Each structure stands twice: as C-alpha cells, then as structure tokens.
Amino acid sequence: MAAAVSAAVSLPTSKSTSLSSRTSIISPERITFKKVPLNYRDVSTGGRVVSVRAQVTTEAPAKVAKVHKKVEEGVIVNKFKPKTPYIGRCLLNTKITGDDAPGETWHMVFTTEGELPYKEGQSIGVIPDGLDKNEKPHKLRLYSIASSALGDFGDSKTVSLCVKRLVYTNDQGEIVKGVCSNFLCDLKPGAEVKITGPVGKEMLMPKDPNATIIMLGTGTGIAPFRSFLWKMFFEKHEDYKFNGLAWLFLGVPTGSSLLYKEEFEKMKEKAPEKFRLDFAVSREQKNEKGEKMYIQTRMAEYAEELWELLKKDNTYVYMCGLKGMEKGIDDIMLSLAAKDGIDWIEYKRQLKKADQWNVEVY
C-alpha cells in the first residue's frame with residue numbers, strides 16, 4: 001500500500017512575495033497498481049571471357065520496429081469523442097494566483113469515476129456549454145492534464161486541470177473573453193463538464209526510472225510537469241521508483257503567478273538530491289547583466305551543465321508553454337554545441353527522433 005500524501009495547491013495572496021495561503025488536497029491511502037534489374041558483366045576466367053549474370057535485389061530491408069523510450073504501454077487515446085463525451089462533475093475549483101497577478105489561473109478537479117484512464121503527460125478536451133455565433137455547439141479545447149494518473153485524491157477517479165482565464169481587449173476596444181477558459185474558471189462544485197480524450201503521446205514520461213528529466217514550463221505549461229512530479233515524489237508504486245534527476249525551470253511574470261510553489265518546495269525538501277527547482281520571474285528578477293529573468297535567461301546560468309546533460313542518452317527534455325519559448329533555448333544551445341563542433345539544430349533533430357526532446361507549445 002502507498003502511504004497517504006498531503007499536498008497543497010499554492011494560493012498566493014495579493015502580495016507577490018507572500019504565498020502562504022493555500023488549499024490542501026488530502027490524498028487518501030493510495031492503491032499501488034500493479035524493383036529487380038538484371039545486370040550482365042563480362043569477366044575473364046581461365047583465359048576466356050564468359051558472361052556472368054548478376055542479380056541485384058533492390059527490395060527494401062525489413063523495417064526494424066522503433067524502440068520507444070517513453071511509457072506507451074497501455075496508453076489509451078480518444079476513448080471519449082466530441083459526439084459522445086464523458087460527463088464529469090466539478091469537485092473543486094480554486095484560484096491559485098494572487099490578486100495582483102497579471103491574470104487569473106485556476107486549479108480544478110473533475111470526477112471520472114475511473115472511466116477516463118490517462119497517463120501523465122496526456123491531455124483532455126473540454127466542450128463548454130452553450131452555442132457559438134452560428135448556433136452550433138462550441139468546439140472542444142484541449143488542456144494538458146495537471147494530475148498524475150492516480151489523480152489528486154489518489155483513487156484514479158479524478159482528473160485535474162490548470163487553466164488561465166483568457167480576457168483581452170480587441171482592436172475595436174472591446175473586452176473579449178475566451179469561451180472555454182472562462183467557462184472552466186467559473187465552474188462551481190457540482191457542475192457538469194463534457195470531457196473528451198484522453199489524447200497525446202508527445203509528453204509521456206520516460207520508462208527509465210534513472211533518467212534525467214529536464215522540464216521547461218511557462219505559465220500553465222506547468223500542468224504536465226506537476227503530473228510527472230507527483231508520480232515521482234508524492235506517490236509510491238510497486239513498478240516505479242524514481243531514482244534519477246528531475247530539474248524544473250518555471251517561468252512566470254510575477255511572484256504571485258508562481259503556480260504550485262509550495263508543492264514543489266515540499267518535493268525539494270523531500271528529495272533534494274533528486275529534484276532541482278529554478279524559477280524565472282521576468283518582471284521581478286534580473287540577471288547580472290540587468291536583463292529580465294525569462295526562462296532561457298535562468299537556464300543560461302547553468303548552460304554548460306545543461307549541455308553536458310544533453311550529451312547523455314538518458315536525458316530527456318520536455319517543454320510546455322508559450323510558442324516562442326523554444327527559440328530562446330535554441331539560442332543558448334547553438335553556441336555551446338558549436339564549441340564541441342556540433343550542429344545544434346541537427347543534434348536536436350536526433351534528440352527528437354530518440355524521444356529525448358519533447359515539445360508542446362501553444
């Protein structure tokens with residue numbers, strides 16, 4: 001039997017430096033789960049010339065099945081589709097950013113009753129209530145799952161999301177609200193939710209429990225990494241015990257936007273030799289050159305160490321968040337790889353082919 005786990009969803013106050021308030025999610029005792037051309041050529045043999053017919057086969061060699069390094073056994077996709085979604089129920093919905101944060105982010109938990117089995121790194125679709133401007137049902141929106149396969153309550157009967165409320169002013173000066181994000185952030189406990197999926201294999205965890213896993217997240221891109229880290233440090237499994245190195249880089253604009261900060265700090269206390277944690281708070285932190293501290297700026301402080309890790313065949317990089325973040329990371333690695341006479345873009349292509357460079361941006 002796995003031991004009971006108590007973890008907190010960070011609830012920062014309006015002061016960006018204070019993150020003490022929180023809502024606890026208490027996990028009950030967890031159950032451990034178990035084409036053939038003919039070519040002629042004259043050759044000399046024994047003093048006379050003879051014609052020898054040589055057959056050259058051009059048939060392609062038998063394909064060798066790719067050995068996947070990520071956990072793909074038992075992965076289910078698209079069990080529930082838009083026309084036949086799973087109807088879940090909201091159990092919990094709480095704001096996890098401070099009042100002075102630039103935008104609201106909410107952590108929410110939905111029931112699945114074990115009918116929506118998923119793996120860490122997958123996503124689900126949500127179909128918001130109501131009709132669009134054409135009087136048709138809204139299209140689904142995909143969200144990365146923020147809970148481990150066991151869920152926040154440890155019974156494999158829930159799924160959690162981390163959602164930022166989208167509100168912006170368009171060119172006409174009108175305030176526009178994102179349909180699905182506002183639907184989700186406004187949900188009250190007990191409300192029904194139409195869920196599709198699960199989907200995705202790009203962000204699945206490595207099989208190797210001794211792997212080095214480098215996680216690069218911005219904003220709500222933290223979701224899949226929370227699922228990874230819960231499995232690594234808050235749960236006990238008979239068939240999985242993490243003995244490698246997990247290194248999380250999280251980029252946010254303000255301290256009051258740091259998501260799940262208390263959870264991650266608790267993990268670091270629990271396994272300091274296995275978990276490294278680095279925040280990049282762009283509006284409040286600067287590097288030695290006086291530059292804003294974006295995620296690539298923070299990574300640059302460990303550039304040599306990160307490059308050495310990337311040269312190992314058991315290092316896996318996962319990136320989730322805003323679409324432009326990969327370029328900043330490429331800029332760091334280009335010069336480091338060049339010092340070793342390596343073309344970074346080609347090397348990254350090889351990493352992708354080996355399941356060691358995994359990107360999900362939006």
Side-chain angles (χ1 to χ4, degrees), residues 66-80 105 107 112 116-126 140-152 156 159-164 195-209 211-235 237 240 242 244-251 259-260 263-264 267 275 295 299 309-310 314-326 329-330 348-362:
K66 179 181 177 180
V67 177
H68 292 281
K69 295 182 178 180
K70 293 186 286 192
V71 179
E72 295 199 2
E73 295 85 356
V75 174
I76 294 173
V77 296
N78 293 318
K79 180 178 179 181
F80 292 95
T105 299
H107 179 85
T112 66
L116 188 76
Y118 59 87
K119 294 288 187 181
E120 294 81 5
Q122 288 194 287
S123 300
I124 56 171
V126 174
L140 68 86
R141 271 69 163 183
L142 289 175
Y143 293 92
S144 298
I145 295 170
S147 51
S148 72
L150 297 186
D152 285 356
S156 299
V159 62
S160 302
L161 297 181
C162 174
V163 179
K164 182 174 182 179
I195 302 172
T196 66
V199 298
K201 292 185 176 181
E202 173 72 12
M203 300 291 283
L204 294 173
M205 292 179 69
K207 294 178 183 178
D208 184 2
T212 292
I213 303 176
I214 299 171
M215 296 159 282
L216 316 174
T218 57
T220 56
I222 192 63
F225 307 139
R226 180 180 185 265
S227 74
F228 287 12
L229 293 165
W230 266 60
K231 181 174 182 177
M232 293 174 188
F233 301 117
F234 279 167
E235 299 173 356
H237 299 262
Y240 180 83
F242 185 67
L245 171 66
W247 193 348
L248 173 64
F249 290 87
L250 174 59
L259 307 177
Y260 309 113
E263 287 185 15
F264 298 144
M267 293 172 187
F275 183 41
I295 190 168
M299 291 175 66
L309 288 172
L310 281 173
N314 71 333
T315 294
Y316 298 78
V317 175
Y318 291 83
M319 189 183 309
C320 189
L322 299 176
K323 190 171 288 185
M325 65 185 293
E326 190 170 10
I329 293 159
D330 281 341
K348 185 173 73 170
R349 188 188 68 79
Q350 294 174 16
L351 289 174
K352 287 182 178 180
K353 190 175 180 180
D355 293 337
Q356 292 177 247
W357 189 271
N358 309 278
V359 179
E360 191 171 82
V361 293
Y362 43 83

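What you are looking at is a predicted structure, and each value in this text was computed from that prediction instead of being measured.
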Taking every heavy atom of Tyr362 against every heavy atom of Cys320, the minimum-distance pair comes out as CE2-SG, 4.4 Å
Does Glu202 have any side chain to side chain contact (heavy atoms under 4.5 Å, CB included) partners at least two apart in sequence or in another chain, and if so, which? Asn358
Please test Tyr318 against Glu360 for side chain to side chain contact (heavy atoms under 4.5 Å, CB included), starting from the C-alpha separation and ending with a verdict. CA-CA 8 Å; Tyr318 291 83; Glu360 191 171 82; over 6 Å; no
Minimum-distance pair of heavy atoms, taken over all atoms of Leu204 and Lys70: O-CD, 3.0 Å
For Tyr240, which residues count as a side-chain hydrogen bond (donor to acceptor under 3.5 Å, both in side chains) partner, sequence neighbours excluded? none
State the CD1-CG distance between Ile124 and Leu142, to the nearest 0.5 angstrom. 9.0 Å
How far does CE of Met319 sit from OG1 of Thr218, to the nearest 0.5 angstrom? 9.5 Å
Given the rule in the side chain to side chain contact (heavy atoms under 4.5 Å, CB included) test, do Met232 and Ile213 qualify, once you have shown the distances and angles that lead to the verdict? CA-CA 11 Å; Met232 293 174 188; Ile213 303 176; 3.3 Å; yes
Using only atom types and a distance under 3.5 Å, with no angle test, would you say the side chain of Gln122 pairs donor to acceptor with the backbone of Ile76? yes
Rounded to the nearest 0.5 Å, how far does CD1 of Ile222 lie from OG of Ser227? 9.5 Å
Side-chain H-bond candidate by donor/acceptor type, Glu120 with Trp230, under 3.5 Å: no
List for me each residue that meets ring-ring contact (aromatic ring centres under 6.0 Å, His included) alongside Tyr316, sequence neighbours excluded, and say none if there are none. none
Interatomic spacing from CD in Glu263 to CZ in Arg226 - rounded to 0.5 Å: 4.0 Å
If every non-hydrogen atom of Gly125 is compared with every non-hydrogen atom of Leu140, which pair is closest and at what distance? CA-CD1, 4.2 Å
Under the side chain to side chain contact (heavy atoms under 4.5 Å, CB included) criterion, do Glu326 and Trp357 qualify, and how do the steps go? CA-CA 11 Å; Glu326 190 170 10; Trp357 189 271; 3.1 Å; yes
Using modelled atom types only, decide if a donor and an acceptor are shared between the side chain of Thr112 and the backbone of Val159 within a distance under 3.5 Å. no
Determine whether Val126 and Leu161 satisfy the following criterion, side chain to side chain contact (heavy atoms under 4.5 Å, CB included), listing intermediate values before the conclusion. CA-CA 10 Å; Val126 174; Leu161 297 181; 4.1 Å; yes
If you take all heavy atoms of Ala246 and Met215, which pair is closest and at what distance? CB-CE, 3.8 Å
Using 30° and 60° as the class boundaries, would you call the ring planes of Phe264 and Phe275 parallel, tilted or perpendicular? perpendicular
Correct closest heavy-atom pair for Leu216 and Met325 would be O-CE, 3.6 Å
How close do Ala223 and Ser144 get, counting heavy atoms only, and between which atoms? CB-O, 3.6 Å
Pro198 pairs by side-chain contact (heavy atoms from CB on, under 4.5 Å) with which of Val77, Asn78, Leu116? Leu116
Distance check, rounded to the nearest 0.5 Å: Tyr260 atom OH versus Thr105 atom OG1? 8.5 Å
Is there a side chain to side chain donor-acceptor pair (under 3.5 Å) between Thr220 and Tyr143 once you walk through the steps? CA-CA 9 Å; Thr220 56; Tyr143 293 92; over 6 Å; no
Quick one: CD1 on Ile214 to CE on Met299, what's the gap to the nearest 0.5 Å? 7.0 Å
Heavy-atom distance under 4.5 Å between the side chains of Phe225 and Met203, does that happen here? yes
Any donor-acceptor pair under 3.5 Å from Ser147 side chain to Asp152 backbone: no
Side-chain touch Leu351/Val317, heavy atoms, less than 4.5 angstrom: no
